[in-house]
Amino acid sequence: MPAEPITQPDDTLRTDTGKVFAIFLSGFLAVAVTLLIVQQLGAPAGIIGAVFVAVSLAAYALLGCSLRASTSSDFFVADRSATAGHSGMALAARWTSISMILALPGTLYAFGFDGLAFLIGPVAGLMVMSVLFVPALRKSGAETVPEFLGLRFGRGARLIAVVAVALATFALLVAQIYGMGLVVGRFVDLPPACLVGTLTVVLLISVLPGGMKGTTWTELAQYSIVLLAIIGVAGALALEFTGSPWPPYAYGEALRAITDVETRLIEAGLASASTLKPHLAPFLQLDPLNFAGVIVTLMLGTACLPHLLMRSVSVPTVREARVSLAWAGFFVLLVAAAVPAIAAFTKLQIYRQIEQGLSFASLPAWIERGSRHDLVRIHGVSVGQLAAAEAAVAAGTADAAGVASHMRSTSPVLATGFAELKEPVKVAIVDAARSAAGAGNDPSGSRRWQAFQTSVLPAAAKAANNKLGAVTEPGLWIDPLGLMLVVPSLPGMPQLMPALIVAGILAAGLATAGGVLLALAHSLSHDLHVTVFGEPAKDERRLRTARLMVVAIAVAAAAVAVLRPVGVFTFAAWTFSLAAAGLFPALILAIWWKRATAAGAVAGMVAGLALALAYLVGTHFFPVAFHDLWPGLSSASDAAMRKFTSLSSVWSAAGEDAKAAAFANLEAYARGTATTPGVANWFGILNTSAALFAVPAGFVVAILVSLVTPRPTPAVGTLVDDLRRPKGPDLLRFEPSSER
Amino acid sequence: MIEIVAGVLIAIAGLATSVAAVLGLLEGAFPIPVGPAPAAMLAAFGLCMVAHGAYRMRVKRNGDDRHWLRTAGTASVMLLLLADLALALPLAAPFLNAFKIAGFPFGYYMAAQGSLVLIVLLLFVFASRADAVDVQEESAET
């Protein structure tokens with residue numbers, strides 16, 4: 001293969017990571033402190049917050065433009081010039097996707113111990129990556145993951161790999177953009193299209209000019225903000241609890257206090273032993289099988305994510321690739337170890353408030369603000385629902401059914417919550433909405449809050465048998481996606497906290513989105529071109545096509561995000577299963593089994609993807625049919641099966657107009673939720689852990705087909721030997737030796 | 001060779017113990033309840049020792065595949081440790097929660113921080129060990 005023109009080694013990225021990180025971190029800290037001072041002098045907190053977020057976004061855009069990519073090698077792999085530390089910290093920024101900051105604290109709050117599976121899995125994935133794939137990936141000199149598979153297995157495998165990458169990661173990209181828009185939309189009153197558009201523009205500015213090279217420093221800056229945000233939130237909460245901000249990591253005291261409060265709540269009748277799920281007790285939400293299943297899926301999936309793999313090989317040598325993953329683990333640890341602290345401190349605060357008594361007549365500000373956005377519900381009702389009901393009444397509906405259908409068309413999430421309420425509660429909401437219709441405008445929402453407190457809440461409490469007139473532990477529900485947005489309103493939290501959280505979420509989202517965007521664009525331009533035309537394009541053409549692809553994919557993802565499809569985060573969770581199913585067997589066999597043939601790899605990838613998709617799509621979209629296919633494999637208990645059969649007969653006996661609703665009920669019961677397998681499952685495995693079936697299936701198929709097809713040529717054996725040895729030039733592109 | 005023999009003995013002991021536990025012969029024989037699971041893990045450990053002993057004997061023979069053997073051996077050990085840290089320890093949390101460390105119940109601590117810290121340490125150890133193997137077998141980059 002002809003050598004690419006050897007460019008002058010660019011030393012810009014060979015600076016000391018510690019120095020660059022210190023500069024960024026102190027820069028942001030200085031801005032934060034300045035803003036705090038300005039705020040003390042009287043500036044409104046909202047403006048201060050917006051300035052901080054804007055400064056961070058400007059920083060990413062500037063840094064993205066500062067290191068321009070002039071060759072495709074720059075754009076795809078930073079010309080292999082990043083240090084291990086840079087690459088590691090940038091990888092940590094990419095690793096921290098929006099779910100880590102937005103969804104994980106809430107999940108840990110709701111699940112306690114079981115939520116830790118969502119942290120352990122991705123961290124372990126870094127180790128899997130380092131041991132099994134990365135050295136050979138770096139040695140190969142491949143600039144995308146499909147290119148690596150194509151080197152070993154040929155064009156067919158390369159094409160399937162592109163499909164796998166696209167299937168797995170597009171939803172992840174959409175989820176980042178959607179999540180960022182959601183969060184900013186809470187604080188800025190602009191239409192979603194506007195927000196998504198602005199965010200996409202910032203994303204493009206930070207990613208387009210420099211590609212992988214430019215984003216090296218951007219991702220470092222994003223990591224500093226993420227770290228600042230997580231430590232800031234955990235530290236502020238810790239300060240409130242212990243009087244010293246030191247223990248974002250040493251929150252053992254808080255855990256003990258939680259257990260004490262839990263006992264006292266039960267004694268006071270504010271919680272009942274049968275419904276309270278102790279924070280520390282394992283396997284209450286996820287049984288051990290699913291706990292392990294989540295860890296394994298996240299571990300294997302993380303190890304196969306192209307934007308992480310390619311970031312780890314943006315270094316000059318194989319040795320540095322392994323070290324960069326070790327540094328990535330360290331930086332990831334700093335963030336991951338503090339997230340459970342946030343959940344613990346928050347839970348402690350809230351439980352203490354419940355213990356001291358939260359009477360309906362005088363609920364604190366954080367409940368009011370959370371309720372307005374339907375992030376906090378008491379006995380299932382929230383001010384957000386009341387507002388939507390008022391809108392429905394204003395549009396002309398008259399009763400609970402009408403309000404429900406109006407809600408379904410405007411905001412499905414609210415509609416689901418409303419539909420779960422008992423009849424008298426629904427009637428109370430509709431009545432309150434109707435009396436609001438006659439009362440005129442209410443810009444501050446205080447009249448609505450009053451109405452909520454006096455008429456809706458008591459009705460809901462009565463339906464739930466709560467005679468205390470105060471919030472009880474089972475009556476309080478906080479949206480797992482919303483915990484981080486509720487935290488700043490807790491008593492004692494600094495005013496800059498919402499800005500810090502928003503900045504952190506944006507940093508995490510932009511880092512992951514940027515990484516995925518680049519990886520996808522690289523595959524869809526370079527790999528598709530080679531698969532179709534048989535040889536790579538000239539360098540400038542490759543660069544131009546890649547940049548075009550970046551824009552195209554970003555626009556497509558933004559368009560999907562604006563459409564606000566229900567279940568964006570569900571599909572994003574499918575990423576790990578799909579990545580693992582499609583890529584893991586192929587990547588392992590490429591390096592670790594010489595007998596693996598091209599046909600075997602292709603068959604394995606296809607089989608894995610097909611099975612994963614079948615399980616995911618089947619259990620999510622067609623749970624009833626999925627269950628009926630092989631009812632024996634389901635883990636549903638006898639009681640669950642009885643309920644399922646009875647719902648089934650209700651459906652078949654229903655008249656025309658009620659049939660749709662009856663089927664919806666049946667489906668919802670069969671489907672379960674993201675964390676409880678419904679009736680439709682195999683062996684009780686959650687649908688997001690589909691990798692547990694798909695990866696072994698992929699292996700079996702790949703191995704069998706390889707054994708049946710002719711042995712690979714000796715040249716392949718030499719290739720694999722070469723991949724396994726770090727010594728020697730890269731296989732695909734000659735690099736000047738590591739004197740860099 | 002010694003390792004293989006020891007491994008076989010331990011595996012047999014573990015297997016026998018777990019069969020006995022399943023058959024209910026061990027009620028009250030030990031001060032702490034011994035279920036089949038810990039005994040099975042002991043048997044698995046014995047088998048690992050056998051595998052490791054066989055691997056060391058193979059590596060001693062100088063061959064072209066020495067570098068690969070040692071790399072694969074290091075990788076296997078690392079993955080076994082990872083499985084331990086990421087799966088076995090968190091799954092053993094109900095058992096470990098009985099002890100406390102720095103105010104944390106030990107099982108929770110290991111799942112929330114301990115395992116993570118150890119995984120990161122393992123990442124650094126692997127990077128250094130794999131590189132050492134490369135250098136010793138003259139397969140490292142210059």
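Bear in mind the structure is a predicted one, so any value in this text is a computation, not a measurement. Letters go in sequence order (proteins before strands), and every chain restarts at 1.
In terms of non-hydrogen atom pairs under 4.5 Å with chain A, the most contact-rich of B:Ala72, B:Ser128, B:Gly107, B:Pro94 is B:Pro94. Interface remark: of the candidates A:Leu255, A:Asp721, A:Leu119, A:Leu255 forms the most heavy-atom pairs closer than 4.5 Å to chain B. Your options are A:Arg724, A:Lys139, A:Arg725, and the one with the most heavy-atom pairs under 4.5 Å with chain B is A:Arg724. The candidate from A:Thr259, A:Val128, A:Val123 with the greatest count of non-hydrogen atom pairs under 4.5 Å with chain B is A:Val123. Among the candidates B:Leu116, B:Leu123, B:Val117, the residue making the largest number of heavy-atom pairs closer than 4.5 Å to chain A is B:Leu123.
Taking the side chain to side chain contact (heavy atoms under 4.5 Å, CB included) definition, one finds that A:Ala590 meets it with A:Phe148, A:Leu149, A:Arg152, A:Phe153, sequence neighbours left out. Residues satisfying the side chain to side chain contact (heavy atoms under 4.5 Å, CB included) test with A:Ala92, not counting sequence neighbours, are A:Tyr223, A:Phe331, A:Val332.
B:Tyr108 places none of its side-chain heavy atoms less than 4.5 Å from the side chain of A:Pro282. Side-chain contact between B:Leu91 and A:Phe283 is present, with at least one heavy-atom pair separated by less than 4.5 Å. At least one side-chain heavy atom of A:Pro726 sits under 4.5 Å from a side-chain heavy atom of B:His67. Contact check for A:Arg322 versus B:Asp131: side-chain heavy atoms found under the 4.5 Å cut-off. Residues A:Leu116 and B:Pro90 are not in side-chain contact: their nearest non-hydrogen atoms beyond the backbone lie 4.5 Å or more apart. With a 4.5 Å cut-off on side-chain heavy atoms, B:Leu122 and A:Met127 count as touching.
To the nearest 0.5 Å, atom CH2 of residue A:Trp327 and atom CZ of residue B:Phe124 are 4.5 Å apart.
Heavy-atom distances place the side chain of A:Phe291, and not its backbone, under 4.5 Å from chain B. Looking at A:Leu108, there are no atoms closer than 4.5 Å to chain B (heavy atoms on both sides), in backbone or side chain. There is no contact between A:Val339 and chain B, counting heavy-atom distances below 4.5 Å. Proximity to chain B is limited to the side chain of A:Ile295, based on heavy atoms less than 4.5 angstrom apart. With a 4.5 angstrom heavy-atom cutoff, A:Leu280 touches chain B via backbone and side-chain atoms both.
Under the 30°/60° scheme for interplanar angles, the aromatic rings of A:Trp592 and B:Trp68 are found to be tilted.
Under a cut-off of 6.0 angstrom, the local environment of CZ in B:Phe45 is sparse, with at most 12 non-hydrogen atoms contributed by other residues, nucleotides or ligands. Surrounding CZ of A:Arg595 are more than 12 heavy atoms belonging to other residues, nucleotides or ligands, all under 6.0 Å away.
Listed in order of number, the residues of residues 76-86 of chain B that approach chain A to under 4.5 Å between heavy atoms are B:Met78, B:Leu79, B:Leu82, B:Ala86.
Residue pairs meeting the side chain to side chain donor-acceptor pair (under 3.5 Å) criterion with at least one partner in residues 123-137 of chain A, sequence neighbours excluded, do not occur; the list is empty.
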